[in-house]
Protein chains: 2
Amino acid sequence: MEPPKPSLRLLRQLSDRHVLGVLFEEPALTRAQIATRAGLSKPTVGESVRRLTEAGVVRDTGERTGGRGRAGTILDLVPDLGVALAVSIAPDGVRAEAVDVHGRVVSGATEGLALPTTPDRLERVLPEVVARAAAAAPGAVRVAVVSAADPVDRASGALVHLPDAPFLVGDLSPVPLLAPLVEGEVVVDNDVNWAARAELAAAGPDAAGGGELAYLYLDRGLGCAVVADGVVLRGARGLAGEVAHLVTTGPDGRAGPFTDVIGALGLREGGSTAVDIAAVLGLLEAGDGDAAAAATLDALASAVCGVLAALVALTDPAAVVLGGVWGSHPAFLERVARQVEAMPRRVALRPPAVREQPALAGARQEALRRLREHVVTGSAAR
Amino acid sequence: MEPPKPSLRLLRQLSDRHVLGVLFEEPALTRAQIATRAGLSKPTVGESVRRLTEAGVVRDTGERTGGRGRAGTILDLVPDLGVALAVSIAPDGVRAEAVDVHGRVVSGATEGLALPTTPDRLERVLPEVVARAAAAAPGAVRVAVVSAADPVDRASGALVHLPDAPFLVGDLSPVPLLAPLVEGEVVVDNDVNWAARAELAAAGPDAAGGGELAYLYLDRGLGCAVVADGVVLRGARGLAGEVAHLVTTGPDGRAGPFTDVIGALGLREGGSTAVDIAAVLGLLEAGDGDAAAAATLDALASAVCGVLAALVALTDPAAVVLGGVWGSHPAFLERVARQVEAMPRRVALRPPAVREQPALAGARQEALRRLREHVVTGSAAR
DNA sequence: TCGATCTCGGCAAGAGTCCTTACTAGGATC
DNA sequence: GATCCTAGTAAGGACTCTTGCCGAGATCGA
């Protein structure tokens, strides 16, 4: 919050920052093009380019512009500025991707996992997959951004097991496992939080409702992300959005924790606390033709409505995105929407806009942002 | 989010900002003292002071320092930089205070209101009280920060009536009423949100748990504020924290909206949706000696626990502050704390640190912040 | 074919800012 | 009255941004 001290170094850094920012967006430009795009004068850009070239960040491609007028020298960023890794850890598999400063995915590696996953198997697979993606990428790995399908401790990045909640990925601490493979920081967050960030970016920077969004993820696990002013709420320990124990409406109108209600409806995987997706999808297939199925679905929907009531009451989102296999199922979404109509405070529901690996997409964004930040601070250091 | 363009004006502004910042904190200093406190060189401060004196913001007091060595000329801010108003609108009365750039309360005005308050009476009283405080203050009113004991629409600043919730202050739109009396902006927010900001400031900038806090206000009205990363959640419409319809545990373990549960316990003011404070306090007086009272209190506490469960699940605060007449009552707090022990996810509870007009205190802080920002941007404009 | 035009990159000048160093002025202390 | 100490200012150096100008090279049009 402290304003920076006035100094000439500050101006220099700002110039370099602008020039790099333009080159991130468009990989090959002349000095004059950079000047107009950045809104700076030509000499300023020329000086900045000289500094950045000396620092080994920018180079002369050797190419020249055609067209009228004097040929411009085309500049670009040196190709070995490094990459950032986006890693997704889900119970069914691990995927790692490397992005370069322009946001291009330059390598990737995947490894499927047989269910149930054991922690020690993951501890072997995770570094192996990440190492594969890193090896295939051109340049050093500056940062890694990890998405995990379990609650994440904000301070340590370790996965946390909450009582009565399924521990899908299991006892794992990605930070120490990946730190040897990464030059800089290893950032870990929950998959739903990443998905919400991807959703937010997909909505555009100035979408209606601003940055006020909630993302309720209903799959084998239950999760939720709250976006306020464009930022995902993390909470003191990083456990914001872990809705398993939220008190909601159960069968027969009795109050109980969300996870217990799902258990009481007989929708848990045998003996575990995970949601039995197959059972829920089965009910949705049966639909209104089967009275018992419809009743169970209504009970499930009203439990979800209790969660929505809490979301609306506490965070007042412009819209709630219903994600996850059964959460985003049209028949279920419609069922919930009907019940929302009867709630004293309604809220808009919609399915997710990002459907392909939303958590990985969110992690990729953040990886890119951090990689660029790394390059900027690294080259504008002194 | 865009970084500012590098320019010499930027440096100038930064210098002036630092100098003013120091003078806000300590009202009378010499150039040399400013230089050491701001971390700038003496000539830089000298130049900045020259500019600011020319702009009519800083002046030579005429006083000189004693002690050894050359006498220093003591500078201060000119006294007519204006004031900011902090206004509190509660059902029992309106209070307005003016603060100057140093954070001193320089004038105030109060007007009690007989219950029940009628909107048209408030529409007369509010501008009158504000005008009185403004008249008694030295200098023009730059901004006004208003606290209202009802939900506030984020876009318009108007008070909003939610179904089944008491409308304590009533249909009122402070912005158009006060705009004629104020040069700049009129900012309105809910009283609980202001109280939470005051609480946050009282905890110190780097308190344990960072800026993760929740403030549950239990009084005639029910309110809640969620602080994430030091910022109060407002929500899309500004209705974040309006917990009346949050689904919680009711009598006999049935699920229902918080406000309905209180109604079912017979704790509403006759015919209205407001909480009957006297009744609740009566129960708390009776205490454990009276079995029926104890049972009702336990039911009330478990309803509050449902709200806490939602708070913890969705926002994961480091601690929850229980405020309001009955919320902060030690006997009630202890009762809730006992039940929290049995919850799957516990949370620390504590009474508010700011007890004297917390909402007004929060509004005062913000009024000061905005006044200073106004002075800084105004004088460093060109 | 040849000149006009256009564009890019670089240079020079001018203005402005910060910092360091050094100096002056004025009072208190001895 | 000499000495010391401190505040404020002046001078010089180092830099940066901006404006304006010029030359180089290529295209376009007559």
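Just so it is clear, the structure is predicted and the values come from calculations on it, not from any experiment. Lettering follows sequence order; numbering is per chain, from 1.
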Enquirer: Would you kindly give the CZ-to-C1' distance between A:R64 and D:dA24, to the nearest whole Å?
Expert: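 Answer to the nearest Å: 13 Å.
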Enquirer: May I ask you to verify whether the side chain of A:R70 and the base of C:dG9 hold a donor-acceptor pair under 3.5 Å?
Expert: yes
Enquirer: Salt bridge or not for B:R369 and B:E366, using N-O below 4.0 Å?
Expert: yes
Enquirer: Whole angstrom is fine here: how far is it from CZ in B:R50 over to P in C:dG16?
Expert: 11 Å
Enquirer: Choosing from D:dT9, D:dT6, C:dG10, which nucleotide comes nearest the side chain of A:R31?
Expert: C:dG10
Enquirer: OP1 or OP2 of D:dA7 versus the side-chain N and O atoms of B:T65: is any pair under 4.0 Å?
Expert: no
Enquirer: If I take atom CG in residue B:L14 and atom C1' in nucleotide C:dC19, what distance separates them, rounded to the nearest angstrom?
Expert: 16 Å
Enquirer: Can you confirm whether the side chains of B:T61 and B:D76 place a donor and an acceptor under 3.5 Å from each other?
Expert: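 No pair is found: no donor N or O on one side chain lies under 3.5 Å from an acceptor on the other.
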Enquirer: Could you state the atom-to-atom distance from CD1 of B:I74 to P of C:dG27 in whole Å?
Expert: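 Atom CD1 in B:I74 sits about 14 Å away from atom P in C:dG27.
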Enquirer: Over how many whole Å does the gap from B:L29 atom CG to D:dA7 atom C1' extend?
Expert: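 After rounding, the reported distance stands at 14 Å.
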Enquirer: Map B:A71 and A:G72 onto DNA chain C by nearest heavy atom, then report which one ends up closer to the 5' terminus.
Expert: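 Here A:G72 is the residue nearer the 5' end.
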Enquirer: Whole angstrom is fine here: how far is it from NE2 in B:H18 over to C1' in C:dT17?
Expert: 15 Å
Enquirer: List for me each residue that meets side-chain hydrogen bond (donor to acceptor under 3.5 Å, both in side chains) alongside B:R64, sequence neighbours excluded, and say none if there are none.
Expert: B:D60
Enquirer: Using atom CD of A:Q33 as one end and atom C1' of C:dG9 as the other, report the distance to the nearest whole Å.
Expert: 13 Å
Enquirer: State whether B:R50 and B:E47 are salt-bridged, where the test is any N-O pair (Lys NZ or Arg NE/NH1/NH2 against Asp/Glu carboxylate O) under 4.0 Å.
Expert: yes
Enquirer: In the 5'-to-3' direction, what one-character label does each nucleotide of nucleotides 11-21 of chain D receive under the scheme B = base within less than 4.0 Å of a protein heavy atom, S = sugar-phosphate only, - = no such atom?
Expert: ----BSSBB--
Enquirer: If the threshold is 4.0 Å, N to carboxylate O, is there a salt bridge linking B:R154 and B:D189?
Expert: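 No, no charged N to carboxylate O under 4.0 Å.
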Enquirer: If the threshold is 4.0 Å, N to carboxylate O, is there a salt bridge linking B:E373 and B:R17?
Expert: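 Salt bridge between B:E373 and B:R17, a charged N being under 4.0 Å from a carboxylate O: yes.
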Enquirer: Using the test side-chain hydrogen bond (donor to acceptor under 3.5 Å, both in side chains), find all partners of A:E63 that sit at least two apart in sequence or belong to another chain.
Expert: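 Once residues adjacent in sequence are excluded, A:E63 has no partner under the side-chain hydrogen bond (donor to acceptor under 3.5 Å, both in side chains) criterion.
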